[in-house]
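Please read these numbers as outputs of a predicted model, since none were measured by experiment.
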Amino acid sequence: MSITDSPPEVGSRAVRRRSSDRGMNRVFRWLAVGAGVTILAALAAVALFLVGQAWPALTASPEELAAGAARFPEGTTLLAFVGPLVFGTLLAAVLALCLAVPVAIGIALFISHYAPRRLAQLLGYLVDLLAAIPSVVYGLWGFLVLAPALTPFWLWLNEHAGWIPLFGGQASSTGRAMATVAVVLAIMILPIITAVSREVFLQTPRLHEEAALALGATRWEVVRTAVLPFGRSGVISASMLGLGRALGETMAVLMILSPGLTYSLDILAAGQHQTIAAYIAADFPESTGLGINTLIAAGLALFVITLAVNMTARWIVARRKEFSGAN
């Protein structure tokens with residue numbers, strides 16, 4: 001036997017190990033494929049359910065809808081009825097996103113690049129804790145505490161900046177308006193955007209930051225030229241996650257907002273807006289027959305909106321990936 005030859009038992013053990021590894025790889029591959037197929041199957045099942053249950057409402061005449069659905073205006077088509085709900089849903093989500101994203105990016109940058117280690121850990125825990133608070137608690141807090149506290153500010157804003165379209169109209173004396181809902185939703189999505197952005201900023205290549213510092217850059221210039229370009233796609237993904245949460249929020253909106261079905265931009269006025277999720281939650285217990293089909297049709301519209309938002313986010317991230325600095 002030469003020095004390069006192995007004993008028979010060693011060779012057989014190596015063969016068995018390679019065979020076992022191939023078997024585990026095969027099992028893992030099929031488990032991964034099964035998980036992916038499960039997600040697609042669940043999405044397809046939800047889509048089929050929504051389309052099937054919403055079809056009677058989609059094909060019904062305005063007279064049938066008015067007779068079979070509670071609170072359905074007479075002589076109104078389904079599209080005209082769902083339109084204000086879609087508008088209110090998008091308005092609440094966009095306002096919340098505009099309020100939350102700058103604050104979330106600032107918090108994430110402070111935790112990742114400015115705060116001392118112990119303070120950064122404490123703030124990270126607090127941000128994660130905010131994400132664990134149930135939405136009904138946010139709704140109670142918004143209704144009992146935040147709305148009365150913000151009412152004087154909303155009235156002042158309406159009086160002195162009413163010429164701006166968003167702050168016009170008759171401001172609510174109770175604070176139960178879209179502006180209060182947007183603030184609560186912004187606080188609710190703040191932990192999601194902050195946590196994801198923080199992790200993305202922490203992944204910035206150290207060499208990029210050191211190179212900027214070696215060229216004489218200040219801390220802010222390092223963040224502007226190295227950290228933010230690298231984390232741009234991650235921030236966009238985090239923002240889309242927060243937008244998805246805001247689009248589907250139910251209890252907080254239901255408990256705070258004074259509902260209405262208009263296309264108004266007066267976010268300080270009561271009785272102007274309503275979201276799809278809150279409308280479904282409010283009307284479902286009393287609905288029967290065609291009324292349930294109408295609510296499911298509204299849910300189908302929310303499903304399409306959410307799907308479109310996620311597809312747009314994936315397109316933006318893929319388009320920006322090569323410019324993110326990760327390469």
Side-chain angles (χ1 to χ4, degrees), residues 89-142 145-146 149-150 179-206 208-209 219-253 256 275 277 306 309-310 312-314 316-317 320-321 323-326:
T89 301
L90 294 176
L91 180 63
V94 170
L95 289 174
L97 201 65
C98 292
L99 293 174
V101 169
V103 178
I105 293 176
I107 296 173
L109 287 173
F110 178 74
I111 293 175
S112 61
H113 286 80
Y114 287 90
R117 183 181 299 272
R118 291 186 178 180
L119 180 59
Q121 291 178 348
L122 176 61
L123 290 177
Y125 294 148
L126 292 178
V127 168
D128 295 337
L129 182 62
L130 281 176
I133 298 177
S135 60
V136 66
V137 175
Y138 280 110
L140 286 172
W141 172 73
V145 178
L146 188 63
L150 288 178
T180 306
V181 171
V183 174
V184 174
L185 290 180
I187 297 173
M188 294 180 67
I189 67 177
L190 188 66
I192 301 174
I193 304 175
T194 302
V196 177
S197 299
R198 176 192 64 198
E199 296 303 321
V200 172
F201 293 152
L202 287 173
Q203 299 303 317
T204 304
R206 188 64 181 173
H208 291 190
E209 299 183 27
R219 183 76 64 89
W220 160 242
E221 289 172 337
V222 171
V223 169
R224 182 171 57 86
T225 60
V227 178
L228 290 179
F230 177 84
R232 183 183 298 130
S233 60
V235 172
I236 294 174
S237 299
S239 301
M240 292 303 105
L241 285 175
L243 180 61
R245 169 74 187 274
L247 286 172
E249 180 52 43
T250 304
M251 290 307 300
V253 179
I256 298 173
T275 66
T306 306
V309 166
N310 282 277
T312 304
R314 295 301 304 173
I316 294 175
V317 171
R320 294 279 186 177
K321 187 176 180 180
F323 305 107
S324 67

J.: Sequence neighbours left out, what pairs pass side chain to side chain donor-acceptor pair (under 3.5 Å) with at least one residue falling in residues 90-108?
T.: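 Qualifying pairs, neighbours excluded: none.
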J.: Which heavy atom of S112 sits nearest a heavy atom of L202, and at what distance?
T.: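 Looks like CB-CD2, 3.6 Å.
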J.: Counting C-beta onward and ignoring hydrogens, is there a side-chain heavy-atom pair between R232 and S237 closer than 4.5 Å?
T.: no
J.: If we only count heavy atoms from C-beta on, is the I111 to F201 side-chain gap below 4.5 Å?
T.: no
J.: With a 4.5 Å cut-off on side-chain heavy atoms, are L126 and L130 touching?
T.: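 L130 vs L126: side chains apart.
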J.: Mind checking what makes side-chain contact (heavy atoms from CB on, under 4.5 Å) contact with E221, not counting sequence neighbours?
T.: A217, T218, R224
J.: What distance do I236 atom CD1 and L241 atom CG have between them, rounded to the nearest 0.5 Å?
T.: 12.5 Å
J.: Show every donor-acceptor pair shorter than 3.5 Å between a side-chain atom in residues 113-124 and any protein atom, with sequence neighbours excluded, or say none if there are none.
T.:
from : atom 1 : to   : atom 2 : distance (Å)
H113 : NE2    : E209 : OE2    : 3.2

J.: So how far is it from L247 CG to N310 CG, rounded to the nearest 0.5 Å?
T.: 9.0 Å
J.: Please tabulate, one pair per line, all N/O donor-acceptor pairs under 3.5 Å involving side-chain atoms of residues 96-105, not counting sequence neighbours.
T.:
none

J.: How far does OG1 of T306 sit from CE of M240, to the nearest 0.5 angstrom?
T.: 12.0 Å
J.: Considering residues at least two apart in sequence or located in another chain, which fulfil the side-chain contact (heavy atoms from CB on, under 4.5 Å) criterion with I187?
T.: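 side-chain contact (heavy atoms from CB on, under 4.5 Å) list for I187, sorted by chain: Y138, W141, V183.
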J.: Taking all non-hydrogen atoms of both residues, which atom of V200 and which atom of G231 are closest, and how far apart?
T.: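 Looking at all heavy atoms of both residues, the shortest contact is CG1-CA, 3.4 Å.
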J.: Are any non-hydrogen side-chain atoms of V253 and V184 less than 4.5 angstrom apart?
T.: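 In short, these two side chains do not touch, never coming nearer than 4.5 Å.
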J.: I'd like a table of donor-acceptor pairs (distance under 3.5 Å, sequence neighbours excluded) in which one partner is a side-chain atom from residues 188-199, with atom names and distances.
T.:
from : atom 1 : to   : atom 2 : distance (Å)
T194 : OG1    : L190 : O      : 2.7
S197 : OG     : I193 : O      : 2.8

